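Within every chain, numbering begins at 1; the chains are lettered A, B, ... in the order of the sequence lines, protein sequences first and strands thereafter. Computed from a predicted model, the values in this text were never measured in an experiment.
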There are 2 protein chains.
Amino acid sequence: MLPDIQFVQRPGIIEFGWGHLAADLLPRTELLRAATWTLTHDAPAALTYGFAQGPGRLLALLAARLSVPETELMITGGTSQALDMLCKQLTQPGDVVLVEAPTYHLALRIFRDHRLRLVMVPGDQQGLHVTTVATLVRLLRSRGERVAFLYLVPTFNNPSGVTLSATRRAELARLATALELTVIEDEAYAELWYELPPPPPITSFAADSSLIRLGSFAKVLAPGLRLGWMQAPTTVIRRCTQSGMLDSGGGVNHFTAHVVLALLQAGDFEPHLLRVRNALRARRDALLEALARMMPSGVTWRPPLGGFFVWLRTPPTIDTTTLLARAEAAGVSYIPGERFYAGNGGRHELRLAFSMLSEAELIEGARRLGKVLQDAK
Amino acid sequence: MLPDIQFVQRPGIIEFGWGHLAADLLPRTELLRAATWTLTHDAPAALTYGFAQGPGRLLALLAARLSVPETELMITGGTSQALDMLCKQLTQPGDVVLVEAPTYHLALRIFRDHRLRLVMVPGDQQGLHVTTVATLVRLLRSRGERVAFLYLVPTFNNPSGVTLSATRRAELARLATALELTVIEDEAYAELWYELPPPPPITSFAADSSLIRLGSFAKVLAPGLRLGWMQAPTTVIRRCTQSGMLDSGGGVNHFTAHVVLALLQAGDFEPHLLRVRNALRARRDALLEALARMMPSGVTWRPPLGGFFVWLRTPPTIDTTTLLARAEAAGVSYIPGERFYAGNGGRHELRLAFSMLSEAELIEGARRLGKVLQDAK
């Protein structure tokens with residue numbers, strides 16, 4: 001029998017590698033209520049071919065929540081499907097895509113599938129170096145290269161946890177307009193803030209440019225739903241919705257979109273989000289406290305203000321890629337930093353996800369990792 | 001407010017154009033039972049990231065039903081998503097795709113999106129001319145063209161209703177092996193037979209070739225679920241499942257796949273299928289009887305033995321494309337034949353779908369169409 005799910009729990013290993021929501025944070029009761037309502041009161045609509053942009057009532061609800069016109073929204077099969085669709089619509093093999101260093105490693109895989117060339121843009125604790133973006137775009141274009149877009153996770157970055165400052169967001173939006181550069185901001189974690197809401201999305205800083213914003217229900221409801229949304233100029237929405245695939249099959253994940261619509265309409269989203277935030281804040285705090293106690297000197301990190309991840313920097317004598325086998329032998333796993341770089345980098349960094357583990361596991365995992373790092377120094 | 005669904009009922013028009021299942025044939029009760037079971041008993045698994053090939057338990061169930069190994073199966077987001085994915089994995093812009101004449105018009109759109117060149121293969125009442133396929137493939141290759149695949153709807157063809165004979169299926173399977181030609185058989189309607197089961201799928205006639213079979217729950221359960229399956233050589237399954245998109249997002253439509261799994265496990269599929277078959281047989285018979293009474297001489301059709309469609313041939317004096325406006329003014333609509341051809345053809349043919357209309361509507365629609373055709377002769 002083949003497995004049902006992606007995640008594999010290896011016996012005896014505390015799995016810091018997986019950025020999944022814990023099973024006890026999935027809104028089972030709310031989804032059961034929503035599915036029951038949908039199939040009882042909304043069934044012919046929810047079960048037939050959907051409008052290509054997504055169900056109009058869900059678009060209206062999202063539009064109100066996000067303060068954007070419905071015509072600039074589209075329901076997606078999650079951020080992965082949205083990125084794949086955007087690559088198909090906006091790129092040609094050989095185009096350049098600019099990405100943060102570090103950035104979401106599986107987005108890199110999607111871009112590589114479309115045979116795009118990846119160019120890294122460095123950042124700091126304020127996020128991406130926006131001036132470097134300008135320099136790179138001009139340089140690449142002067143060489144005759146086509147820059148398809150810039151992709152970034154501006155809020156609670158996966159993996160670094162860094163949030164792009166409001167000043168730089170405004171600067172990037174201006175730059176996008178000036179250079180006619182498409183910018184895709186992946187806001188998967190934007191709702192998951194634990195102290196203060198993050199700055200407004202980059203999209204909100206410019207009206208007339210090619211800014212695209214991706215949102216997802218995978219991190220705040222459940223990844224198995226495969227549901228998200230895209231905010232983009234109507235020209236981009238039109239290109240995406242006028243595909244043969246959507247003409248043939250109707251809007252993506254139409255039934256699931258109705259279930260999420262029912263969940264939102266029932267008022268179940270905000271209380272659930274609050275519960276997830278509180279639970280994740282407690283997990284983050286447990287991990288940070290354990291790290292403070294258990295990490296050897298020379299290992300550093302910054303407390304993330306939201307999202308799923310803590311990004312550790314090790315002394316340069318430690319190679320996190322080769323260390324992984326020893327860590328797993330000691331009962332703890334992580335993702336080596338280099339996976340999050342499109343080129344060189346990350347050998348002295350690693351990502352810990354605190355979203356799926358219990359507080360006891362987080363503490364024990366930190367203890368095991370601390371020992372492995374201490375021994376490796 | 002934007003619409004929720006694809007279908008638009010225009011006031012006063014009997015819509016023969018839409019190949020949708022009627023609302024009263026959608027399995028609302030069965031899906032409610034399945035969704036309730038899933039969210040009550042199978043929720044962490046159904047709500048997290050899915051295995052890229054699809055949930056193992058659903059693959060096992062389908063494998064047993066289809067008598068194929070699980071390793072040659074994959075869950076898809078319906079046939080439209082499967083075709084789009086196959087184009088992405090197996091083709092390059094400029095490749096040739098062979099298609100039946102006539103064939104499913106929206107598949108043509110998906111192929112065109114991938115910038116494929118379409119070459120039509122004629123057929124007759126036994127289905128596709130298999131010998132012509134051989135001739136065309138050899139000719140195209142001798143000119144240095146890459147033939148990516150042949151696409152066909154061998155069972156109760158959309159739009160013609162024709163079923164490829166068992167002899168020709170065997171012949172096509174042999175040919176695919178001999179020529180190393182990938183064949184994609186779209187079996188969307190294969191379960192919807194009204195007298196006798198159709199011949200076995202082309203895939204069953206050869207073990208070692210590049211035969212791909214697509215199945216869908218859209219025509220037998222509900223299109224809004226966006227769920228189907230693909231049977232293909234493991235090399236093709238591997239290419240499709242190892243994409244960045246599935247690595248990032250997990251298996252497509254994972255939650256919905258679990259709901260359909262629960263429906264199958266509850267034993268609700270076969271009784272529902274029987275109900276759909278009986279209802280569609282009655283609708284087909286009502287339409288055929290009405291056509292026999294109401295069509296003017298010179299208009300011909302063959303009774304389809306399954307599926308959703310009756311394919312009408314008009315006298316050569318009638319152009320079904322230009323006639324459409326007059327038909328709609330008279331309160332009846334259809335899809336003009338030319339949409340189902342990749343090149344010239346179909347101006348004296350039209351498609352009627354009987355899957356969505358009541359018997360009274362079918363009879364009244366046939367009456368209106370008969371009058372329009374009579375007046376146009």
Tell me which of these, [options], has more heavy-atom pairs under 4.5 Å with chain B than the rest.
options: A:Leu31, A:Asp24, A:Leu108; value: A:Leu31
options: A:Ala257, A:Ala222, A:Gly249; value: A:Gly249
options: A:Thr71, A:Ile110, A:Thr79, A:Thr36; value: A:Ile110
options: A:Ser243, A:Gly78, A:Ala23, A:Gly77; value: A:Ser243

Under a 4.5 Å cutoff for heavy-atom pairs, which residue among [options] has the most contacts with chain A?
options: B:Ala107, B:Pro3, B:Ala218, B:Gly250; value: B:Pro3
options: B:Lys88, B:Arg112, B:His114; value: B:Lys88
options: B:Leu227, B:Leu83, B:Leu2, B:Leu225; value: B:Leu2
options: B:Leu221, B:Val8, B:Asp84; value: B:Asp84

Would you say that [X] contacts [Y] through its side chain, given a criterion of any heavy-atom pair below 4.5 Å between the two side chains?
X: B:Met245; Y: A:Leu106; value: no
X: A:Phe255; Y: B:Phe255; value: yes
X: A:Gln6; Y: B:Thr48; value: no
X: A:Thr40; Y: B:Leu32; value: yes

* Asked: So which part of A:Leu21 gets closer than 4.5 Å to some heavy atom of chain B, the side chain, the backbone, both or neither?
  -> neither
* Structure fact -> Cut-off 4.5 Å, heavy atoms of chain B, and the answer for A:His105 is neither
* Could you go through the side-chain contact (heavy atoms from CB on, under 4.5 Å) check for A:Asn253 and B:Thr256 one step at a time? => CA-CA 9 Å; A:Asn253 296 8; B:Thr256 315; over 6 Å; no
* **Residue pairs involving residues 241-264 of chain A (criterion salt bridge (Lys or Arg N to Asp or Glu O under 4.0 Å); sequence neighbours excluded)** => A:Asp247-B:Arg109
* Can you find a side-chain donor-acceptor pair between A:Asp4 and B:His254 that sits under 3.5 Å? -> no
* Could you walk me through whether A:Ile5 and B:Tyr49 pass side-chain contact (heavy atoms from CB on, under 4.5 Å), step by step? => CA-CA 6 Å; A:Ile5 63 171; B:Tyr49 291 95; over 6 Å; no
What is the minimum heavy-atom distance between [X] and [Y], and which atoms define it?
X: A:Met1; Y: B:Glu70; value: CA-OE1, 3.8 Å
X: B:Asp113; Y: A:Gly244; value: OD2-N, 2.6 Å
X: B:Arg28; Y: A:Ala43; value: NE-CB, 3.2 Å
X: B:Ser248; Y: A:Tyr104; value: OG-OH, 2.7 Å
X: B:Ala35; Y: A:Leu39; value: CB-CD1, 4.1 Å

* Structure fact -> Bottom line for B:Leu246: the part with an atom under 4.5 Å from chain A's heavy atoms is backbone
* With chain A as the partner chain, list the residues of residues 52-64 of chain B whose heavy atoms fall under 4.5 Å from it, by residue number, and write 'none' if nothing qualifies. => B:Gln53, B:Gly54, B:Pro55, B:Gly56, B:Arg57, B:Leu59, B:Ala60
* Report the C-alpha separation of B:Gln81 and A:Val252 in whole Å, then their side-chain angles, then the decisive distance to 0.1 Å, and conclude whether the side-chain contact (heavy atoms from CB on, under 4.5 Å) test is met. => CA-CA 9 Å; B:Gln81 187 267 335; A:Val252 287; over 6 Å; no
